[in-house]
Student: 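Submitted below is the structure of interest, expressed as structure tokens.
In what follows, chains are A, B, ... by sequence order, proteins preceding strands, each numbered from 1. As a basis for the values below, the full set of heavy atoms in this structure was taken, side chains included, without hydrogen atoms, waters or symmetry mates.
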Number of protein chains: 2
Amino acid sequence: MFLSKTFGYALRGVLYVAYIDKEGRKVQLDEMAEKLKVPRHFLAKIMKLMVKEGIMQSTKGPYGGFSLNEHTLKTKLIQLVRITEGVEQFNTCVLSLRKCNSQNPCPLHQQMLELRDAMLAEFSAKTLDDLLNSDDPDFIKSIATA
Amino acid sequence: MFLSKTFGYALRGVLYVAYIDKEGRKVQLDEMAEKLKVPRHFLAKIMKLMVKEGIMQSTKGPYGGFSLNEHTLKTKLIQLVRITEGVEQFNTCVLSLRKCNSQNPCPLHQQMLELRDAMLAEFSAKTLDDLLNSDDPDFIKSIATA
DNA sequence: TTTATAAAAGACCTATACGTCCTTTATTGA
DNA sequence: TCAATAAAGGACGTATAGGTCTTTTATAAA
């Protein structure tokens, strides 16, 4: 239910890079995969996608790795959802009725609309920077699994 | 995102049966699949499951079909979720962190908790009967797709 | 007791999310 | 210019949700 693993990995990945970036260094896939306990090659695919979408940066070769760019911290969660699974999902009926809308609402339309709007609002407002500024001394631990 | 097709088909299926039951007749798969625009054999699988779980009734042979039993209308939406996809999903972290909890919350823990609790409350309170008593003259249309 | 009807059972197929692996390209320093 | 490093590219494999098909079992009426 709710969001895909891809989204979760993407968010944790970019947050990790942002966190380490404050120490002034880049991050390599090997380190990320190990620290976040995420399948390395799968993470590679997701990071590549985020770079392609312009929300972060990468350089190849020795001393290369992933780092922030001017957009990263301003990126909204909803953009990450769009990149990893497409936002249309926020607008589809719980009962997969194509013609469900306020004129012809399914029996769950109203309740779901409220919840979805709340979630959409949350994800549209919150940026990666917001999540990073939680002042949590255990921030890294909070995005790792083990 | 959110709920599976199986859940949607299950809900619409049982609501259709309940609605027709008021006319004092049973419903066959062929009719349901056609009216609800749902794959017939897939729906069969789902209806069978609901019968096995005891939330409705079926009889084979001529004049057979699906009908309500004493539990049907009292069934809560959350039970339908449990039957079709398992409720553990309501408790898993958006970032798929196994160790995400109030002591060690992921960056999205609090917001997601609230949304999920709202949804859980909604689904735990609402029964099929509640949905049926919407006094919608177009009720059948509202659960059909075409 | 035979025939028609309708669900139950279960084998099978398909698409997609999730995950792995290998090769290529870019970058660095010796 | 060579060797090492690290991401990019893309083929491939696996598990599961979603969907189809055929056979079996139960029931009703003639």
Student: For the atom pair OG (A:Ser67) and CG (A:Asp21), what is the distance rounded to the nearest 0.5 Å?
Tutor: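 One finds 6.5 Å between OG of A:Ser67 and CG of A:Asp21.
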Student: Shared ILVMFWY cluster between B:Phe7 and B:Leu49, side chains joined below 4.5 angstrom?
Tutor: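 Both belong to a single hydrophobic cluster.
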Student: Angle class for the A:Tyr9/A:Phe42 ring planes (parallel below 30°, perpendicular above 60°, tilted otherwise)?
Tutor: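 Rings of A:Tyr9 and A:Phe42: perpendicular, as their planes differ by over 60°.
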Student: Between B:Tyr9 and D:dG18, does any side-chain N or O lie under 4.0 Å from OP1 or OP2?
Tutor: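 No, because none of the side-chain N or O atoms of B:Tyr9 sits under 4.0 Å from OP1 or OP2 of D:dG18.
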Student: Could you tell me how far apart B:Phe42 (CZ) and D:dT16 (P) are, to the nearest whole angstrom?
Tutor: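 B:Phe42 atom CZ is separated from D:dT16 atom P by 16 Å.
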Student: Enter the distance from B:Gln110:CD to B:Glu114:CD here, rounded to the nearest 0.5 Å.
Tutor: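 Going from CD on B:Gln110 over to CD on B:Glu114, the span is 5.0 Å.
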Student: Output the distance between atom CD1 (B:Ile83) and atom CD1 (B:Ile46), rounded to the nearest 0.5 Å.
Tutor: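 The CD1 atom of B:Ile46 is 11.5 Å from CD1 of B:Ile83, to the nearest 0.5 Å.
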Student: What is the distance from atom CG of A:Leu80 to atom CD of A:Glu53, rounded to the nearest 0.5 Å?
Tutor: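 The distance works out to 10.0 Å.
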Student: Students often get this wrong, so: under 4.0 angstrom with heavy atoms, is B:Lys48 touching a base, only sugar-phosphate, or nothing?
Tutor: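 B:Lys48: base contact, heavy atoms under 4.0 Å.
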Student: Measure OH/A:Tyr63 against C1'/D:dA3 and give the value in whole Å, please.
Tutor: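 So the OH-C1' distance, A:Tyr63 to D:dA3, works out to 14 Å.
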Student: Identify, residue by residue, the members of residues 24-31 of chain B with a heavy atom below 4.0 Å from DNA chain C, and return them in order of residue number, or none.
Tutor: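 Output list: B:Val27, B:Gln28, B:Leu29.
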Student: For DNA chain D, whose closest nucleotide is more 5', that of B:Pro62 or that of A:Gly64?
Tutor: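 Whichever sits nearer the 5' end wins; that is A:Gly64.
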Student: Nearest whole angstrom, please: distance from the C1' of C:dA7 to the CE of B:Met50.
Tutor: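 Interatomic distance, CE of B:Met50 to C1' of C:dA7: 14 Å.
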Student: What's the shortest heavy-atom distance between B:Ala33 and B:Leu43, and which atoms?
Tutor: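 That would be N-CD2, 3.9 Å.
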Student: Between the two ends of the helix from C:dT1-D:dA30 to C:dA30-D:dT1, what is the bend in degrees, rounded to 10 degrees, where each end axis spans five pairs?
Tutor: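 Here the local axes at opposite ends form an angle of 0°.
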Student: To the closest 0.5 Å, what do you measure between CG (A:Leu95) and SG (A:Cys106)?
Tutor: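 So the CG of A:Leu95 and the SG of A:Cys106 are separated by 4.0 Å.
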Student: Quick one: is D:dA6 close enough that its OP1 or OP2 comes under 4.0 Å of any side-chain N or O from A:Ser58?
Tutor: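 So the side chain of A:Ser58 is outside the cut-off, no N or O lying under 4.0 Å from OP1 or OP2 of D:dA6.
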Student: Return yes if the base of D:dG18 and the side-chain atoms of B:Lys45 contain a donor-acceptor N/O pair under 3.5 Å, otherwise no.
Tutor: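 Answer no: no donor N or O sits under 3.5 Å from an acceptor.
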Student: Quick one: B:Ile46 CD1 to D:dG18 P, roughly how many Å, whole number?
Tutor: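 My rounded result for the distance is 8 Å.
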Student: Quick one: B:His41 NE2 to C:dA7 C1', roughly how many Å, whole number?
Tutor: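 Rounding to the nearest Å, NE2 of B:His41 and C1' of C:dA7 are 12 Å apart.
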Student: At what distance, to the nearest 0.5 angstrom, does CD1 of B:Ile20 lie from CD of B:Gln28?
Tutor: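 It is 10.5 Å, given to the nearest 0.5 Å.
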Student: Measuring to OP1 and OP2 of C:dC18, would you say a side-chain N or O of A:Thr6 lies under 4.0 angstrom away?
Tutor: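 True: A:Thr6 side-chain N/O within range (under 4.0 Å) of C:dC18 OP1/OP2.
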Student: Just how far, in rounded Å, is C1' of D:dA8 from CZ of A:Arg40?
Tutor: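 Atom CZ in A:Arg40 sits about 11 Å away from atom C1' in D:dA8.
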Student: Rounding to a whole Å, what distance do you find between B:Leu49:CG and D:dG19:C1'?
Tutor: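 Distance, rounded to whole Å: 16 Å.
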Student: How many Å lie between NZ on B:Lys60 and C1' on C:dA4, as a whole number?
Tutor: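 Spelled out: NZ on B:Lys60 to C1' on C:dA4 is 15 Å.
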